[in-house]
Amino acid sequence: MNFIIWIVIGGIIGWLASMVMKTDAQQGILLNMVVGIVGALLGGWLLSPLFGAGTINADDFSALSLLVSFLGAVILLGIVNLIFRGRLR
């Protein structure tokens with residue numbers, strides 16, 4: 001059941017992050033899911049110690065874990081934009 005939650009919530013988080021970073025037109029549903037899940041991993045690694053919360057990948061389903069996962073997805077899209085376009089959007 002956790003895997004299904006990762007996919008659904010990861011897709012929503014990836015979609016919201018792509019809307020914030022203005023990359024939504026370039027991404028499809030599959031890439032939004034990947035961005036959400038990988039962004040949650042990145043958020044767990046970088047931001048969890050700062051906020052003291054887990055992520056959706058760590059079986060912690062709360063508002064703070066959703067925020068950490070979302071911020072991780074935004075950071076991931078920012079890094080991808082820097083690498084491939086040479087600038088942030």
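Below, each value reflects all heavy atoms present in this structure, side chains not excepted, and no hydrogens, waters or symmetry copies.
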Side-chain donor-acceptor contacts of residues 30-44 below 3.5 Å, not counting sequence neighbours, with atom names and distances?
residue, atom, partner, partner atom, Å
Asn32, OD1, Ser18, OG, 3.4
Asn32, OD1, Gln27, NE2, 2.6
Asn32, ND2, Gly28, O, 3.3

Could I get the full list of side chain to side chain contact (heavy atoms under 4.5 Å, CB included) partners for Leu47, not counting sequence neighbours? Leu50, Phe51, Val68, Leu71, Ile75
Straight-line distance of Leu76 CG to Met21 CE, nearest 0.5 Å: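 The CG atom of Leu76 sits 9.5 Å away from the CE atom of Met21.
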Side-chain atoms of residues 9-16: list all donor-acceptor pairs with protein atoms under 3.5 Å, sequence neighbours left out, distances to 0.1 Å.
none

